[in-house]
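All of these numbers come straight from a predicted model, not from anything done at the bench.
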Protein chains: 2
Amino acid sequence: MAKRKAVSIKDVARESNASLTTVSLVLNNRDGRISRATRERVLSAVERLGYRPSRLAQSLQSQRSGFLGILVPQLRHAFADIYFGELISAIQETAAENDYKIILDVANPRYLERNHHLELFRRHYIDGLLCLGVTNNDTYLDDFSDDHPVIVVNNRVAGIDLDFVQCDYAEAGRIAATHLCELGHKKIGYIHGATEVQTTADLRDGFEDVLNRLKLSLPTSRTEDGLYTEEGGAAAAIALLTRDPGITAIFSGNDKMAIGAISGLKQIGKRVPDDVSVIGCDDIHHAEFCDPPLTTIHTPIFEVGARACKLLLDLISSKAESVRETQAVSLSVRKSTAAPRKGRNGATQ
Amino acid sequence: MAKRKAVSIKDVARESNASLTTVSLVLNNRDGRISRATRERVLSAVERLGYRPSRLAQSLQSQRSGFLGILVPQLRHAFADIYFGELISAIQETAAENDYKIILDVANPRYLERNHHLELFRRHYIDGLLCLGVTNNDTYLDDFSDDHPVIVVNNRVAGIDLDFVQCDYAEAGRIAATHLCELGHKKIGYIHGATEVQTTADLRDGFEDVLNRLKLSLPTSRTEDGLYTEEGGAAAAIALLTRDPGITAIFSGNDKMAIGAISGLKQIGKRVPDDVSVIGCDDIHHAEFCDPPLTTIHTPIFEVGARACKLLLDLISSKAESVRETQAVSLSVRKSTAAPRKGRNGATQ
DNA sequence: TAGAATAGATAAAACCTTTTACCGAATCGA
DNA sequence: TCGATTCGGTAAAAGGTTTTATCTATTCTA
């Protein structure tokens, strides 16, 4: 691993009998002031030496790093999560198309305590930041001053005035409720994720909204925390059905928990959708391949990621002042929901 | 977004009536040459001004970027894949512990054609590179010269002499074959992933090795490509059983395809494991929550990622010269494998 | 008290670009 | 032929660090 010294613009200048400036001008195509002969001489020297400008020096000079940061929360192996993966894919693709590179950071307590999130800007690591998996407890978002381009992706933070791009989770809740009610369900259980996530609150609001309008309530006895995980979803479903065997349908705050719920229901001898319907939210790739294939609300996660990245770039280049966008969602009907069986239909209990 | 000028070391020097050098010396704790009084004066100015050294300037000076690159292949939404996610989690965690940050790049054809992978080093983006999801077709790996720290993660490349950290896939194949044979299976199908991946070849070699030793062959008729996806796994399982209904067990090159295979088998009325046993490889988190829970080979992916990152850092700091490591794998028995039913046991066909 | 040693601080070079301001030579108009 | 353009090119500053070599007091030794 012997580091041979990197070739710099000086070497090119010497090799081509031109000045530093001339080389730089040629390379950056600054107005056509350089003669054809000189240009070719420089270019051939560049080729010969294999010269490539140092991005460190360029960034230092231009005061732009060319990096975008992605900040994800600390979860069990954060990046192994399909939801974050999808967002990150979208962001990196969009960034690459615009000649930006992506830096990945995990906002664990130690990280925040040491103000590493602020260092990101202060020490010129990045030109803009995308925050994923944010909750209402993430007060560190308040630290970012107005002149730091920051966008919250697929979420909002109650009480903090930040730019965001999100899906319409209130509408998602309404669609799920409407679907189940139209099938004839009356006693519907709800498995929720972390309540400190704003979109989770939106989802529930939309869901309850429709239920209330139809005079169907959502008592806390039909509500369980599924911890956003498969295990949690399974446990929640079992708890719900044990407490209230009259439940004929379950709405789960995400697909992971929905898949867990189906597995939990099977464990206690319930068939899906014959005995209990299950509807999820997200439409992860895997949803199509469970047994039964999962009916769910499709949320355009990839598009949200791509859009957030694009708008962040606009923020950086001052093409935009403020970003607040909400994307439409839709129902994706598969095999995990059906009409309740006659005779068990709510009235039994 | 009015950018107020960032405070530099010069400002601190002025504010504290000291020279640039003194400030730098204080900040970097260079030998105790600075008097207590001066040190405090400087530190208080730093505090007052909120000064943080520019990492661009530091990197330019030190010729170390403080970044590690992760290069992943272009797949459908690469980062949404659990396998890559797990590796990336491990790498980012290890990097952060060592004060390195992670840059994410996707090696699509355009990227490689423009030699962006070489620019990574030449233009001082990164100090070292980790290549994920590499195949034997990835000749671009040959471009990296000896003085560029590069490690291939959980793979090798036939014919190219590169550093790597991997799981013992040959052993994984042997374990799977042994498990199925011990249960009494004779006609075993095999769903493979991309044949251009070296570890896939290792896996098959180990698998066939045991089969051959027991005088059980693996004819091509019992072999199908599952494309590494759930859909592919489902289609492959259906194809296998259609072609040879006597098959009583299937070994799948990864868990995703195994889960797809189970779903495919159900579609054609086969029960798992009653009619057909299925064993996977990887032990992804989800494997525990399928129906039935998947028997699989546990590969320590997270550890491989962490180890690869650690060794890359050793390479960078010249603590290591060359890296070649193979991690042990183990059998994780769940509910998707069982002894074949009497009377259908191979002899039928 | 002269000379040496030491403590404390600094000027300047180096890292590598881009950009501004300037200079000399050739060309042009009158 | 003189003055003004234009053309081709360059020196130098700026961007923010770290480090080396150097300088000036002060204290110590003989």
Rounded to whole Å, please give me the gap between [atom1] in [X] and [atom2] in [N].
| X | N | atom1 | atom2 | value |
| --- | --- | --- | --- | --- |
| A:R39 | D:dG8 | CZ | P | 11 Å |
| A:H124 | D:dT17 | NE2 | C1' | 12 Å |
| B:N28 | D:dG16 | CG | P | 17 Å |
| B:N29 | D:dT19 | CG | C1' | 16 Å |
| A:D11 | C:dT17 | CG | C1' | 13 Å |
| B:R55 | D:dT18 | CZ | C1' | 16 Å |
| B:L60 | C:dA13 | CG | P | 17 Å |
| B:L25 | D:dA21 | CG | P | 14 Å |

Considering only [options], which nucleotide approaches the side chain of [X] most closely?
| X | options | answer |
| --- | --- | --- |
| A:L20 | D:dT17, D:dT19, C:dT17 | C:dT17 |
| A:S54 | D:dG8, C:dT17, D:dG16 | C:dT17 |
| A:R41 | D:dT17, C:dC16, D:dG9 | D:dG9 |
| A:K10 | D:dG8, C:dC15, D:dT10 | C:dC15 |

Counting any heavy atom closer than 4.0 Å, what does [X] reach on the DNA or RNA strands: base, sugar-phosphate only, or nothing?
| X | answer |
| --- | --- |
| B:T38 | sugar-phosphate |
| B:S62 | nothing |
| A:R64 | nothing |

key: Which residue lies more 5' along DNA chain D, comparing B:T21 with B:L56 via nearest heavy atoms   = B:L56
inquiry  = Counting C-beta onward and ignoring hydrogens, is there a side-chain heavy-atom pair between A:F121 and A:L129 closer than 4.5 Å?
reply    =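 Yes. Closest side-chain heavy atoms under 4.5 Å.
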ask   = Can you check whether B:Q92 reaches B:L104 side chain to side chain, under 4.5 Å on heavy atoms?
value = no
query = Taking OP1 and OP2 of D:dT18, is either one under 4.0 Å from a side-chain nitrogen or oxygen of B:Q58?
reply = yes
ask   = Between A:S35 and D:dG9, does any side-chain N or O lie under 4.0 Å from OP1 or OP2?
value =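 Yes, because at least one side-chain N or O of A:S35 sits under 4.0 Å from OP1 or OP2 of D:dG9.
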request  = Identify, between B:A57 and B:T22, the residue whose nearest nucleotide on DNA chain C lies closer to the 5' end.
outcome  =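 Its nearest nucleotide being more 5', the pick is B:T22.
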inquiry  = With nearest nucleotide decided by heavy atoms, which residue, B:Q61 or A:S24, maps closer to the 5′ end of DNA chain C?
reply    = B:Q61
message = Please check this pair: side chain of A:R156 against backbone of A:F164, looking for a donor-acceptor N/O pair closer than 3.5 Å.
response =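 Pair absent, no side-chain N/O of A:R156 close to backbone of A:F164.
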query = Do you know which of A:L313, A:I103, A:I151, A:N98 makes side chain to side chain contact (heavy atoms under 4.5 Å, CB included) with A:L68?
reply = A:L313
message = Determine whether the aromatic ring centres of residues B:F67 and A:F67 are separated by less than 6.0 angstrom.
response =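 Between B:F67 and A:F67, which both carry aromatic rings, the centre distance is below 6.0 Å.
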